[in-house]
Amino acid sequence: MPVIRTLSKVAKQALLSTPGCGCQPLTVAVRNISFSPRQVTSDASFHSVSFSETDHPKVLITGGLGQLGVGLAKLLRKRFGKNNVILSDIRKPPSNVFSSGPFIYSDILDYKNLREIVVNNRITWLVHYSALLSAVGEANVALARSVNITGLHNILDIAAEHGLRLFVPSTIGAFGPTSPRNPTPDLCVQRPRTIYGVSKVHAELMGEYYHHRYGLDFRCLRYPGIISADSMPGGGTTDYAVAIFHDAIKTGKFECNLKHDTRLPMMYIDDCLRATLEVMEAPVDTLSMRTYNINAMSFTPEELAQELQKQMPELEVTYDVDLVRQAIADSWPMNFDDSNARKDWGWKHDYDLPELVQTMLNYFGAETRMARAN
């Protein structure tokens, strides 16, 4: 293994250059070095970047053009300064995103490119959002395996090498049909049946392993379904809860691809982004674990439609079940137990279902008025 060979080489060199040197000084020296688990050149120089409470972190967000990246960048730039948060992706950003702050091309499968970005920009926090979601991943398992697993390994090695604080989101999809579903605790059986879920369990366990083995400051939240108004559905099983608002405004009709009584945990995006910032800022001694459930509400398509119809009585909702998505949803939690997050670092959601619906409609109403004015 590369790690064993590297450590053996270090040990031999130390013993040859320092006769009579015992193993205790060598152990201390290795423990104080921040190094990559990859095999590296003998002249490489590594160091851990640290910052005080008054300094701002320098943040890199991978997969930054997805549902969450742009919103998180906006939140972090407001807190830490525009130039301290770098969005990255392999896609061309829209003009408003490109002009809102630093953006850089980054392919998470290109280890050398990622390493250069971290070094050249003196990154201290890394938020890793690059991933293929559930339904999309099932349609292209090979690509999902490459992006979600191989890409993660690159991120872990670079974060460990440079002493970064690393955030990797997990998901309700990390659980399977044998997990307790209502509620689902932080620690229980996890046997997912999608490549997305398998890759997220892998991310949780690898991140925690790197934390215990190399001291990596790994932090992870299991997100429920995330609902936002300013992004289009991206291929996730819970995306019906976003699509219903788009279709309701455009056509007054919505065809749901899940059964009417499919209950899943959900969260408005503002709560999700705030939770991410809060867990990243939480003092190390408050974290009793490295992977937490977070939750806000839990509802079915029928309950969401009924709440929306209070504001839009003319909305017509029908159901045409997608068997692939339904099978995925039926293996996922119905409700999350997030008591550990609430106890350890004070997590508390702001949006329940009525607030969610009103906020989404306010957004689309303002957007419609602006379009008419233009």
Side-chain angles (χ1 to χ4, degrees), residues 34 37 48-53 55-64 66 68-69 71-73 75-76 79-80 84-86 108 114 118 123-131 148 151-174 185-187 190 199-224 226 267 269 271-295 336-349:
S34 173
S48 295
V49 179
S50 60
F51 48 91
S52 69
E53 292 295 325
D55 293 332
H56 291 318
K58 194 71 179 287
V59 186
L60 174 66
I61 303 174
T62 67
L68 299 174
L72 184 65
L75 178 65
L76 296 182
R79 188 168 185 83
F80 301 133
N84 286 321
V85 181
I86 301 174
I108 62 167
L114 272 174
V118 167
I123 299 301
T124 55
W125 284 13
L126 203 165
V127 177
H128 179 52
Y129 275 148
S130 296
N148 294 10
L152 170 78
H153 292 179
N154 289 339
I155 292 293
L156 286 169
D157 284 349
I158 290 168
E161 176 182 333
H162 296 284
L164 309 185
R165 180 171 296 181
L166 174 63
F167 177 83
V168 179
S170 189
T171 167
I172 58 174
D186 285 301
L187 300 176
Q190 291 178 254
S199 69
K200 286 302 184 181
V201 174
H202 180 79
E204 294 176 14
L205 295 178
M206 287 297 291
E208 292 179 15
Y209 172 76
Y210 270 56
H211 170 66
H212 293 296
R213 180 68 176 82
Y214 303 115
L216 174 64
D217 190 356
F218 171 79
R219 304 181 184 209
C220 177
L221 296 178
R222 293 193 189 104
Y223 290 157
I226 304 301
M267 178 176 288
I269 190 169
D271 276 342
C272 173
L273 298 178
R274 180 171 54 81
T276 303
L277 173 59
E278 287 178 1
V279 78
M280 284 295 279
E281 289 191 315
V284 172
D285 58 4
T286 66
L287 303 177
S288 64
M289 56 186 65
R290 289 285 156 170
T291 301
Y292 289 91
N293 294 343
I294 55 168
N295 197 19
F336 257 168
D337 176 2
D338 61 356
S339 56
N340 285 313
R342 294 176 186 269
K343 172 174 62 71
D344 286 0
W345 45 276
W347 162 241
K348 183 180 180 182
H349 70 277

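For this chain, numbers begin at 1 and follow the sequence in order. Just so we're clear, the structure is a prediction, and the values are computed from it rather than from any experiment.
- Residue R342 holds its CZ atom at 8.5 Å from NZ of K348, rounded to the nearest 0.5 Å.
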Stepwise, does the side-chain contact (heavy atoms from CB on, under 4.5 Å) test hold for I294 with M267? CA-CA 9 Å; I294 55 168; M267 178 176 288; 3.9 Å; yes
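- If you take CG on D271 and CD on E278, they are separated by 9.0 Å, rounding to the nearest 0.5 Å.
- Atom CZ of residue F80 and atom CG of residue L75 lie 8.5 Å apart, to the nearest 0.5 angstrom.
- In this structure, L287 and W345 have side chains that are in contact, with non-hydrogen atoms separated by less than 4.5 Å.
- Ring pair H202/H153 is tilted by interplanar angle, where 30° to 60° counts as tilted.
- Under the side chain to side chain donor-acceptor pair (under 3.5 Å) criterion, D344 pairs with S288, Y292, sequence neighbours left out.
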Taking it one step at a time, do L68 and C272 satisfy side-chain contact (heavy atoms from CB on, under 4.5 Å)? CA-CA 9 Å; L68 299 174; C272 173; 4.1 Å; yes
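- The two residues Q190 and A174 make their nearest non-hydrogen contact at NE2-O, 3.2 Å.
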R222 and T171: side-chain contact (heavy atoms from CB on, under 4.5 Å), yes or no, with the steps? CA-CA 4 Å; R222 293 193 189 104; T171 167; over 6 Å; no
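- Using cut-offs of 30° and 60° for the angle between ring planes, the Y214 and Y209 rings count as perpendicular.
- Minimum interatomic distance between P169 and Y223 (heavy atoms only, all atoms of both residues): CB-CE1, 3.5 Å.
- Between D338 and W347, the closest side-chain pair of non-hydrogen atoms falls below 4.5 Å.
- Considering only residues two or more places apart in sequence or on other chains, A131 meets the side-chain contact (heavy atoms from CB on, under 4.5 Å) condition with N148, K200.
- Minimum interatomic distance between L114 and N154 (heavy atoms only, all atoms of both residues): CD1-CB, 4.2 Å.
- The shortest heavy-atom contact between V279 and T276 is CG1-O, 3.3 Å.
- Below 30°, between 30° and 60°, or above 60°: for Y129 and F167 the angle between ring planes is above 60°, a perpendicular geometry.
- Contact of the D157 side chain with the Y210 side chain is registered, since non-hydrogen atoms from C-beta on lie closer than 4.5 Å.
- Between L76 and I61, the shortest heavy-atom distance links the atoms CD1-CD1, 4.4 Å.
- L156 places a side-chain heavy atom less than 4.5 Å from the side chain of L216.
- The shortest side-chain heavy-atom distance between E208 and T291 falls under the 4.5 Å cut-off.
- Formation of a donor-acceptor pair under 3.5 Å by the T124 side chain with backbone atoms of K58 is found in this model.
- Taking CG of N295 as the start and NE2 of H349 as the end, the distance is 8.0 Å to the nearest 0.5 Å.
- The closest side-chain donor-acceptor pair between H211 and R219, if any, does not fall under 3.5 angstrom.
- Minimum heavy-atom separation, D337 to P185: CB-CA, 3.9 Å.
- The residues R290 and D217 are annotated as salt-bridged, a charged nitrogen and a carboxylate oxygen being separated by less than 4.0 angstrom.
- Here CD1 of I269 is found 13.0 Å from CZ of R274. Values are rounded to the nearest 0.5 Å.
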Take F336 and D186 through the side-chain contact (heavy atoms from CB on, under 4.5 Å) test and state the conclusion after the steps. CA-CA 8 Å; F336 257 168; D186 285 301; over 6 Å; no
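- Annotation: side chain of I108 is in contact with side chain of S130 (closest heavy-atom distance under 4.5 Å).
- Taken to the nearest 0.5 Å, the CD1 atom of I155 stands 5.0 Å off from the NE2 atom of H128.
- Under the 4.5 Å side-chain criterion, counting only non-hydrogen atoms from C-beta, V127 is in contact with L72.
- Remark: R79 pairs with L277, E281 by the side-chain contact (heavy atoms from CB on, under 4.5 Å) rule, at least two apart or across chains.
- Inter-residue side-chain proximity for L126 and T62 is flagged as met; some heavy-atom pair is nearer than 4.5 Å.
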